[in-house]
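Have a look at the structure below, then the notes.
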Number of protein chains: 2
Amino acid sequence: MDQFVSTFTNKIDTKGRVSVPASFRTVLAKDGLDGIYCYPSLDAPALDAGGQRLIDKINHLVEDLAPYSDERDQLATALFGTSEILTIDQDGRTILSERLREHAGITSHITFVGLGEKFQLWEPERFDKHLAESRNKVRDLRKLLGAGRRGSGGPEGARE
Amino acid sequence: MDQFVSTFTNKIDTKGRVSVPASFRTVLAKDGLDGIYCYPSLDAPALDAGGQRLIDKINHLVEDLAPYSDERDQLATALFGTSEILTIDQDGRTILSERLREHAGITSHITFVGLGEKFQLWEPERFDKHLAESRNKVRDLRKLLGAGRRGSGGPEGARE
DNA sequence: GCAGTTTCCATTGACGCCCATGTAATCCCA
DNA sequence: TGGGATTACATGGGCGTCAATGGAAACTGC
């Protein structure tokens with residue numbers, strides 16, 4: 001598997017260490033980054049994270065904007081300026097900086113959420129709420145998509 | 001056969017293991033996934049499951065949305081975030097996480113329901129009810145469609 | 001020398017792997 | 001065609017390995 005899938009909740013120990021889920025470590029290793037690229041999510045109290053592929057994507061995103069434009073500088077600042085490369089120790093654990101933890105309201109536990117090409121870090125309780133909302137919105141979204149996507153699918157619409 | 005067909009009910013043993021129906025395993029193997037991609041159904045107390053083909057479909061759904069948009073993250077959260085890749089051991093058995101079992105109300109037995117390109121996992125009694133309702137709906141639908149639309153498959157298909 | 005940090009080792013529990021058994025469907029041969 | 005043999009599959013249990021976690025030891029900068 002080369003994608004971040006599923007969610008895992010792990011504990012932060014007294015030294016601030018957290019185990020990165022083994023399956024996520026596998027994806028990162030294949031991705032060719034010895035660490036985790038991580039920055040505060042733009043529109044959620046969470047952290048976005050990923051490997052080399054994510055860095056490349058963000059690079060492209062920025063490069064697509066006009067050079068020296070305000071937008072470009074702002075985007076670059078918002079993303080790169082707040083990013084960190086988290087190291088992973090020999091036991092597969094990492095340490096989040098105070099600034100990152102603070103943005104996500106993380107204290108004693110972290111929920112790792114796979115989103116395919118990247119993943120997010122959440123404070124567990126906040127994530128529960130967020131997930132409930134997301135599922136509701138997707139239910140609505142699916143109705144919209146449904147009509148156009150009947151392909152071979154049958155009455156199920158776009159849920160797949 | 002490259003489709004999930006028929007229903008099977010198997011027992012969960014003391015370690016939480018269930019045999020995946022042999023015919024389903026065959027389909028999964030051909031599909032090129034060494035495991036089961038599985039997530040809670042959005043609108044039923046059941047689990048949706050499938051192989052690589054199902055993953056690809058979801059990938060396309062997500063990739064069609066703008067990068068870093070709210071919508072995209074929500075869709076990815078609701079789909080990838082709640083998904084798990086279940087492993088299949090050498091005897092053809094798998095283990096469902098507490099989270100998955102809970103969503104479907106599964107305790108001691110699981111009903112595997114083939115839906116063609118994917119399949120579902122149900123708590124047996126709930127599935128019985130669900131099947132009865134589905135058959136009624138199909139009967140109604142058939143009346144509406146009338147004589148002109150007796151498609152290829154036959155109206156009895158378990159496809160929801 | 002001390003505080004904070006990183007590396008290494010130990011524990012525990014979950015999961016994967018192996019082997020054994022029962023049962024039902026299938027095949028083969030008379 | 002009937003009955004025994006064989007195979008395939010579902011199920012049960014023992015054991016080794018690995019991941020998550022806790023703590024000790026080594027290291028670094030002040």
Side-chain angles (χ1 to χ4, degrees), chain A residues 1 4-30 33-36 38 49 51 84-102 106-114 119 121-124 127, chain B residues 1 4-30 33-38 47 49 83-102 106-114 119 121-124 127:
Chain A
M1 179 53 51
F4 300 104
V5 173
S6 188
T7 77
F8 306 87
T9 297
N10 289 338
K11 189 180 176 185
I12 300 181
D13 70 14
T14 53
K15 299 180 184 176
R17 298 175 301 186
V18 221
S19 290
V20 179
S23 67
F24 284 19
R25 296 203 301 265
T26 306
V27 179
L28 287 168
K30 276 193 186 167
L33 180 65
D34 181 31
I36 302 174
C38 183
E84 298 181 21
I85 307 275
L86 308 178
T87 61
I88 299 180
D89 70 21
Q90 290 175 334
D91 296 335
R93 289 182 280 197
T94 191
I95 296 182
L96 298 189
S97 69
E98 168 61 28
R99 193 163 48 89
L100 292 178
R101 287 200 312 274
E102 202 269 335
I106 289 170
T107 55
S108 67
H109 292 262
I110 299 185
T111 297
F112 295 76
V113 184
F119 61 95
L121 309 181
W122 285 80
E123 193 283 320
F127 176 68
Chain B
M1 179 56 58
F4 301 105
V5 176
S6 187
T7 77
F8 307 85
T9 297
N10 288 337
K11 187 182 177 185
I12 300 181
D13 71 14
T14 52
K15 291 182 178 181
R17 298 176 300 187
V18 222
S19 289
V20 178
S23 67
F24 285 19
R25 297 203 300 264
T26 307
V27 179
L28 287 168
K30 277 194 185 169
L33 180 65
D34 181 30
I36 302 174
Y37 183 76
C38 183
L47 307 173
S83 300
E84 299 182 21
I85 308 273
L86 308 179
T87 59
I88 299 180
D89 70 21
Q90 290 177 332
D91 297 333
R93 288 180 285 195
T94 191
I95 297 182
L96 298 189
S97 69
E98 168 63 29
R99 187 152 30 106
L100 292 178
R101 287 200 313 273
E102 203 267 337
I106 289 170
T107 55
S108 67
H109 292 263
I110 298 185
T111 297
F112 294 77
V113 184
F119 61 95
L121 308 181
W122 285 80
E123 193 283 320
F127 176 67

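Chain naming here is simple, since letters A, B, ... match the order of the sequence lines and numbering starts at 1 in each. The model shown is predicted, which means the values in this text are computed figures rather than measured ones.
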| Nearest-Å distance, CD1 (B:Ile95) to C1' (D:dG12)? | 14 Å

| Any Lys/Arg nitrogen of B:Glu102 or B:Arg99 sitting under 4.0 Å from an Asp/Glu carboxylate oxygen of the other? | no

| query | For the side chain of A:Lys11, counting heavy atoms from C-beta on, which of C:dT6, D:dG22, D:dA19 is nearest? | reply | D:dG22

| field | Residue B:Gln90, side-chain atoms from C-beta onward, closest of D:dA20, C:dC18, D:dA10 | value | C:dC18

| task | Taking A:Arg17 for its side chain and A:Asp89 for its backbone only, find out whether a donor-acceptor pair lies under 3.5 Å. | result | no

| Do A:Ser6 side-chain atoms and B:Ser83 backbone N/O form a donor-acceptor pair below 3.5 Å? | yes

| message | Is there, by distance only and without an angle test, a donor paired with an acceptor across the side chain of B:Arg17 and the base of D:dG13 below 3.5 Å? | response | yes

| message | In whole Å, I'd like the distance from the CG atom of B:Leu96 to the P atom of C:dG16. | response | 12 Å

| message | Treating B:Asn10 as the side-chain partner and B:Val18 as the backbone partner, does any N or O pair qualify as donor plus acceptor under 3.5 Å? | response | no

| query | Just checking B:Thr87: base, sugar-phosphate only, or nothing, at a heavy-atom cut-off of under 4.0 Å? | reply | sugar-phosphate

| field | d(CZ, A:Phe8; P, D:dT21) in whole Å | value | 12 Å

| request: Round to the nearest Å and state the distance from A:Asn10 atom CG to D:dA20 atom C1'. | output: 7 Å

| C:dA14 P sits how many Å from B:Leu86 CG, rounded? | 18 Å

| Gap between atoms CZ and C1', on A:Phe112 and D:dA20 respectively (whole Å) | 11 Å

| query | Which part of the nucleic acid, if any, lies within reach of A:Val18 when heavy atoms closer than 4.0 Å are counted: base, sugar-phosphate only, or nothing? | reply | nothing

| Options D:dT21, C:dT6, C:dC18, nucleotide nearest the side-chain atoms of B:Asp91 | C:dC18

| Flag, side chain of B:Asp13 to backbone of B:Lys15, donor-acceptor distance under 3.5 Å | yes

| Residue A:Asp13, side-chain heavy atoms: nucleotide from D:dG22, C:dC18, D:dT21 that is nearest | D:dG22

| Any N or O donor-acceptor pair linking the side chain of B:Lys15 to the base of D:dG14 at under 3.5 Å? | yes

| said: Check this for me: does the side-chain of B:Arg93 come within 3.5 Å of the base of C:dG16 through a donor and an acceptor? | reply: no

| said: Once hydrogens and angles are ignored, does a donor-acceptor distance under 3.5 Å link the base of C:dC18 to the side chain of B:Asp89? | reply: no

